[in-house]
Number of protein chains: 2
Amino acid sequence: MEENQVRSDGPIRLLSRRVTISQLADSLSVSKGTVSKALNGYSDVSGRTKARVAEAARKMGYRPLSHAQAIRTGRSRSIGLVIQADEYDGYNLFLRDFLAGISQSTSEMGWTLTVASSNSYQDFQQVVCRMVEQRKVDGFILPRILVHDPRYALLKRMEIPSVLFGRLWESEDDLIADSEAICYDIDGELAFAEAVLRMQKHGHTRIGFVGAPSEYTYAHIRRNGYIFGMEKAGLEIDDKLIVSDIRTRKNGAQATQWLLETEEPPTAIIFATDEIAMGAYTVASQFNLSLGHDLSISAYDGAAWGRIMSPALTSYQVDMGKAGRRLSSLLIGHIEGKKLDDQEEIAPAKFIRGGTDGPPALSSYELGRKFRRSVNGNGSQLVRQIGERQ
Amino acid sequence: MEENQVRSDGPIRLLSRRVTISQLADSLSVSKGTVSKALNGYSDVSGRTKARVAEAARKMGYRPLSHAQAIRTGRSRSIGLVIQADEYDGYNLFLRDFLAGISQSTSEMGWTLTVASSNSYQDFQQVVCRMVEQRKVDGFILPRILVHDPRYALLKRMEIPSVLFGRLWESEDDLIADSEAICYDIDGELAFAEAVLRMQKHGHTRIGFVGAPSEYTYAHIRRNGYIFGMEKAGLEIDDKLIVSDIRTRKNGAQATQWLLETEEPPTAIIFATDEIAMGAYTVASQFNLSLGHDLSISAYDGAAWGRIMSPALTSYQVDMGKAGRRLSSLLIGHIEGKKLDDQEEIAPAKFIRGGTDGPPALSSYELGRKFRRSVNGNGSQLVRQIGERQ
DNA sequence: CTAAATAACGAAAACGGTTTCGTCAAATGT
DNA sequence: ACATTTGACGAAACCGTTTTCGTTATTTAG
């Protein structure tokens, strides 16, 4: 039966036959140089030939080997993402969808995603240099932009293409006028302004804000959104209702408590991130406050676990998958020299209705009284643990 | 001052001077062929020369360009991870540390990590074929192993090296005797047996189990651990206390409720994952049961957000970073043809003490009564929503 | 002491592309 | 009609490696 001596059984060898540029050239009776030029849009090959080549390439399923291209051109059709392993990212709300988005988009364009990790900004530099020197990647996506981001500065000085997830920010109140930077970001300003207005519509007049670590540009953007919303709502901006530089749930709880300890406490608090908003749950359960009634809160990120809290966290969700797709597409376009009509692309966040906000059940005064009474009634380790503000 | 005409200002060009093999060869007055052979351990180059070359390479910081190697050798010194975008992974408990571990280890060995994504197993095949055909990667890491894992089957048939995070499993009760598969896994069996014994030590005798979707091999492993633990504890294994194929928090809540509805309900329940254990929180708050007293639970994964629940979830943590490091190291070793002393590496999980387990405050009978009373007292939408078991 | 084997290296051909030239016909200018 | 430009292509160099194949000295065997 089996007369074919050459092993016809055994593992399938799908890796078998890639078609090379020479084969393609032979089948068209042209030189491989011409094929290459045709495919890369050189001007010294006729339209007819270009069409023939393109057609044949499609038919034979020819895909140039990017390694081979890289060695001559220095470009590898690959983009890089270095994940900052040293950075605090307690609840992983970041990565999966983002990565899926990036890799989906890159692979659609025939590119590749290479990921590395670094443990410090020092380390980042080495990692980047190595990858670039080795021509592993042609550009980088930078997530979580810092106020003076050394990563962006480095890449810019080295003239390595990059796109930012987030925006640049110079000093306390100025967006950097770096017309070269390509950004994609979510409109945090808008989301936080809306959040304020939503609280106002519920009937709140004392609305607090708990901000993220000010090293991140988004911390300033969100804070500005809050300020803007307060102005638009015609509410007084009271510095005593604003806390900054909060990163963890634990500190979020401290911040919440500080706000409730003020003379005229906020009946609604807006948190810069879902994670720090968790602190409000801690405080609420400690001091017997009902979220969504006694105290209203809303946050930002739209993390999945926010919905399993009870009550579910009202938040603004960012579409990480889309962010990844857009960023990778912007980066590849930039590397390929496409001119963008706009260097900055801003997408809206999506409101996620939860159960943590509603009309105030208590006035600011009543809330303060209830809180203080609960503090005293409580064995209140928490209070002692927390100590003085600032 | 500055008399150097050549642009000394402007962007630093760190990408400037890679040293090539030719330069290295010239500086030693040998041919580049010899250098290559020396570095790759060929036998037809003398020990003295090998040493000289190695020394000079180190001094000049020579690193071969993997693209150039790839084109000749067909190997790119890169490993692949394809993330399954279609797969349910509600709470992202997976990725970040794992990726950091993998990329750290790969880059230490001078390799690269390439990540792609797919939306189906169909898609997976295409993605893999493309990456291999294009020589983008030399092997894959496969996380979340399925009972009949089409990914592993595919890679094996194509003779593409792979390592598994998890173990193979054939039928309901048999580990596949696939001596070729290289695995790294956490000892789920041990963890679940321990969890049972811990509950027994607390004084529980009715201990339930809620299992993960049986498509995953870990579901069977963890279930076996539970069974083994029960036997070792000398407790009766009651099928009515075992639920399987639970994936989400919502279904976890259903399962919990089913167990509490049985005639002789468990006073302790062990959940296969942190996520489904969240369901117990839902049920507990709905029916006014105190976790850690009325009902004890423990879970598995050690997700960060488990610790922000109140009470904090008792769980077993798996070190994702280490898993990533080991897997990438195993894979690279395998690709390079190293013989392993053991194809299977099993690491222990780390117990995370939370507040959800303790001595039973109620007997099984009392718990059942309390639960039923609460159900009736309750408007209990939950009950109606849930419907009949199976 | 000569013939054969071996050790250690260099020259050059791959690998799969891109890019620089040179060439030759056709089109254009005068 | 002749000189010149242009258009379209092939030949060959090149990118940075690996790998094959000679080619020499130097050992070893007979």
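Quantities reported herein were computed from a predicted structural model and do not represent experimental measurements. Proteins get letters first, then strands, A, B, ... in listed order; numbering begins at 1 in each. We use all heavy atoms of the structure for the numbers below, so side chains are in, but hydrogens, waters and symmetry mates are not.
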Give one of base, sugar-phosphate or nothing for [X], where a contact means two heavy atoms less than 4.0 Å apart.
X       : value
A:Ser36 : base
A:Ser66 : nothing
A:Ser43 : nothing

So which atom in B:Ala116 and which in B:Met131 form the shortest heavy-atom distance, rounded to 0.1 Å? CB-SD, 3.9 Å

Looking only at non-hydrogen atoms, find the nearest pair between B:Asp86 and B:Gln84 and report the distance. OD1-CG, 2.9 Å

Nearest whole Å is fine: how far is [N] [atom2] from [X] [atom1]?
X       : N      : atom1 : atom2 : value
A:Leu28 : D:dG10 : CG    : C1'   : 15 Å
A:Lys50 : D:dG7  : NZ    : C1'   : 12 Å
B:Asn40 : D:dT20 : CG    : P     : 12 Å
A:His67 : D:dT18 : NE2   : P     : 14 Å

Apply the test side chain to side chain contact (heavy atoms under 4.5 Å, CB included) to residues A:Tyr184 and A:Ile141: give CA-CA distance (whole Å), side-chain angles for both, the deciding distance (0.1 Å), then the verdict. CA-CA 10 Å; A:Tyr184 177 91; A:Ile141 291 180; over 6 Å; no

I'd like to know whether A:Tyr152 forms a side chain to side chain contact (heavy atoms under 4.5 Å, CB included) with A:Ile145, so could you lay out the CA-CA distance, the side-chain angles of the two residues, the decisive distance to 0.1 Å, and finally the verdict. CA-CA 8 Å; A:Tyr152 176 68; A:Ile145 299 303; 5.8 Å; no

Among side-chain atoms of B:Thr112 and A:Thr114, is any donor-acceptor pair under 3.5 angstrom?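 No.
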
Just by distance, no angles: are the side chains of A:Ser66 and B:Lys136 close enough, under 3.5 Å, to form a donor-acceptor pair? yes

Quick check for you: among [options], whose closest atom lies nearest to any side-chain atom of [X]?
X       : options               : value
A:Asp44 : D:dT17, D:dA13, D:dA8 : D:dA8
A:Thr34 : D:dC9, D:dG16, D:dT19 : D:dC9
B:Thr73 : D:dC9, D:dT19, D:dG16 : D:dT19
A:Ile71 : D:dG16, D:dC9, D:dC21 : D:dG16

Going 5' to 3' along DNA chain C, which nucleotides are the first and last within contact of chain B (any atom under 4.0 Å from a heavy atom)?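 Going 5' to 3' along DNA chain C, contacts run C:dA8 to C:dG16.
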
B:Leu99 versus A:Leu99: any side-chain heavy-atom pair under 4.5 Å?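 When only atoms from C-beta onward are counted, A:Leu99 and B:Leu99 do touch, with a gap below 4.5 Å.
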
Can you work out whether B:Lys32 or B:Gly47 has the more 5'-proximal nearest nucleotide on DNA chain C?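 Here B:Gly47 is the residue nearer the 5' end.
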
I want to check one thing: is the phosphate of D:dC15, taken as OP1 and OP2, less than 4.0 Å away from some side-chain N or O of B:Arg72?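 Looking at the OP1 and OP2 atoms of D:dC15, neither is under 4.0 Å from any side-chain N or O of B:Arg72.
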
Given DNA chain D, 5'-ward residue of the pair B:Lys37 and A:Ser31, judged by closest heavy atom: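 The answer here is A:Ser31.
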
